[in-house]
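We use all heavy atoms of the structure for the numbers below, so side chains are in, but hydrogens, waters and symmetry mates are not. Just so it is clear: chains get the letters A, B, ... in the order the sequence lines come, proteins before strands, and each one is counted from 1. Quick caveat, the model's predicted, so the values are computed rather than measured.
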Number of protein chains: 2
Amino acid sequence: MAARPNAGTKGVPRADREREILRIASTAFGTDGFAATGVADVAHAAGISKTLVYSYFGSKEGLHAACLAEAGGLLATEIERVARDGSAGVERGVRTLAAMFAVLDDRRHVWRLLRDRTAPQDGPAAEVVAQYAARIEALAREGVLELLGGAGITDDLDVSAMVRTWLGIVDSFMDWWVAHPDQDAAEMTQRVTRLIAALVSDHTRRVAAPTPREQDAAP
Amino acid sequence: MAARPNAGTKGVPRADREREILRIASTAFGTDGFAATGVADVAHAAGISKTLVYSYFGSKEGLHAACLAEAGGLLATEIERVARDGSAGVERGVRTLAAMFAVLDDRRHVWRLLRDRTAPQDGPAAEVVAQYAARIEALAREGVLELLGGAGITDDLDVSAMVRTWLGIVDSFMDWWVAHPDQDAAEMTQRVTRLIAALVSDHTRRVAAPTPREQDAAP
DNA sequence: CTGCGGTAACTTACCCGACGGTCATATCGC
DNA sequence: GCGATATGACCGTCGGGTAAGTTACCGCAG
């Protein structure tokens with residue numbers, strides 16, 4: 001459709017076209033994962049030839065790195081902003097989620113870009129993502145330390161497990177949001193606030209250690 | 001080593017060999033994901049040829065389906081057992097986690113088998129996994145309904161988001177466990193109990209809705 | 001016991017489609 | 001005409017899947 005063969009689409013400035021490719025590639029990488037996304041697919045979706053993508057970004061990894069740099073900068077900046085506003089504990093978590101919903105309302109797939117297990121574990125792109133992931137995780141750790149410190153927990157392993165869990169909670173809400181496109185950022189914020197409040201004040205029972213009998217299960 | 005060329009390893013009964021292949025394949029699928037796992041890799045790890053794997057399981061999907069059937073049966077059975085013991089709310093969640101730690105102590109990768117996004121979304125194997133995933137999710141929903149019901153929340157979307165979140169929490173603990181092989185099931189159970197107790201009784205502040213200013217962020 | 005054919009287990013060597021990546025060529029603005 | 005921009009056609013590799021051949025075991029006739 002767009003792009004009759006060799007029409008010479010020079011009218012479109014290169015920078016704009018790069019941004020569009022980046023947007024499409026981010027969506028694809030974030031939706032299907034790095035491994036399952038083909039450069040040809042991205043090019044086709046952008047109405048452009050595969051070769052042109054390579055001339056812009058050098059390689060599949062280069063394209064991926066560009067997407068990650070954009071996504072990582074966006075998210076890390078925003079999370080750092082919330083970190084400075086002085087909230088703490090569970091409230092800080094909710095505020096962080098709210099900020100991310102606001103920023104990602106029209107690019108919900110972006111969160112998954114930084115947490116894609118199919119992405120290569122080394123190479124230049126991996127270093128980019130590792131850097132941003134480290135920043136984000138450091139902020140998460142900060143929040144978790146406050147939260148657990150209030151409960152008298154300072155053990156390193158406890159903290160690292162809780163950080164992992166917090167990131168998993170964010171993952172889950174993002175996944176749910178992607179699966180419910182009609183929900184806007186404000187609705188999500190309210191929902192998350194409501195749910196976390198309900199979780200924090202469990203009305204059912206006290207938490208008790210499970211019976212030791214739980215250990216000898218397994219048929 | 002084993003298997004000098006065409007040594008005729010008939011001494012090993014077929015059923016045992018199938019079980020061994022299944023064990024190795026489960027580890028591989030659970031660790032690297034369906035897409036990133038090659039049949040040749042599995043065969044090599046089992047000390048046999050790729051063709052033999054095909055003669056046993058028909059296809060890569062067939063092998064995958066066999067792994068999933070085993071894993072799904074194990075997990076669904078165990079979760080259902082806990083569901084019948086009468087606990088509720090957060091306590092039921094902790095008990096479920098404890099049971100899963102006990103069952104999966106020496107096969108920690110198995111949980112990820114059922115939650116692999118790189119697995120094909122249709123085909124016979126997908127139906128197997130969908131069935132078990134549905135059973136597990138139904139039980140999770142049951143628990144979430146109790147928990148949220150106690151807080152006066154019955155909205156369907158709230159429930160579905162909370163189910164997703166709970167599964168994400170399980171994912172996170174399992175991931176952390178895989179990354180910390182020295183931790184045994186009993187230690188994990190204690191840790192999870194401690195962490196969830198800390199989360200549920202937040203000592204820092206009340207949860208409050210974030211300021212509306214949070215909405216107009218994004219540089 | 002020995003030789004022999006049948007069969008099940010197993011492997012080597014190959015096919016083929018998909019995908020990352022490259023090159024010669026064609027078009028457009030100036 | 002020239003340089004920048006863009007492309008269709010092509011290559012190498014990798015991985016799922018298959019065909020044909022090889023080995024080992026078993027029952028049995030002599």
Which atoms form the tightest heavy-atom contact between A/Leu113 and A/Gly30, and what is the distance?
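Smallest interatomic distance, heavy atoms only, reads CD2-N, 3.8 Å.
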Atom [atom1] of [X] to atom [atom2] of [N]: distance rounded to whole Å?
| X | N | atom1 | atom2 | result |
| --- | --- | --- | --- | --- |
| B/Phe29 | D/dG15 | CZ | P | 14 Å |
| A/Ile48 | D/dT5 | CD1 | C1' | 10 Å |
| A/His44 | C/dC19 | NE2 | P | 13 Å |
| A/Glu20 | D/dA6 | CD | P | 12 Å |

Any non-hydrogen side-chain atom of B/Leu75 less than 4.5 Å from a side-chain atom of B/Ile136?
yes
Given side chains that start at C-beta, do those of A/Val170 and A/Arg115 come closer than 4.5 Å, heavy atoms only?
no
I need the residues from residues 50-70 of chain B with at least one non-hydrogen atom less than 4.0 Å from DNA chain C; give them sorted by number, or say none.
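When residues 50-70 of chain B is checked for heavy atoms under 4.0 Å from DNA chain C, the hits, listed by number, are B/Thr51, B/Leu52, B/Tyr56.
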Is it true that B/Glu20 and B/Arg23 make a salt bridge, defined as a side-chain N closer than 4.0 Å to a carboxylate O?
no
Answer yes or no: is there an ion pair linking A/Glu80 with A/Arg84, defined by an N-O contact shorter than 4.0 Å?
no
Phosphate contact (D/dT5 OP1 or OP2) by A/Arg17 side-chain N/O below 4.0 Å
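False: A/Arg17 side-chain N/O out of range (4.0 Å or more) of D/dT5 OP1/OP2.
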What class does the angle between the rings of B/Phe29 and B/Phe34 fall in, given that below 30° is parallel, 30 to 60° is tilted and above 60° is perpendicular?
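Answer is parallel, since the angle falls under 30°.
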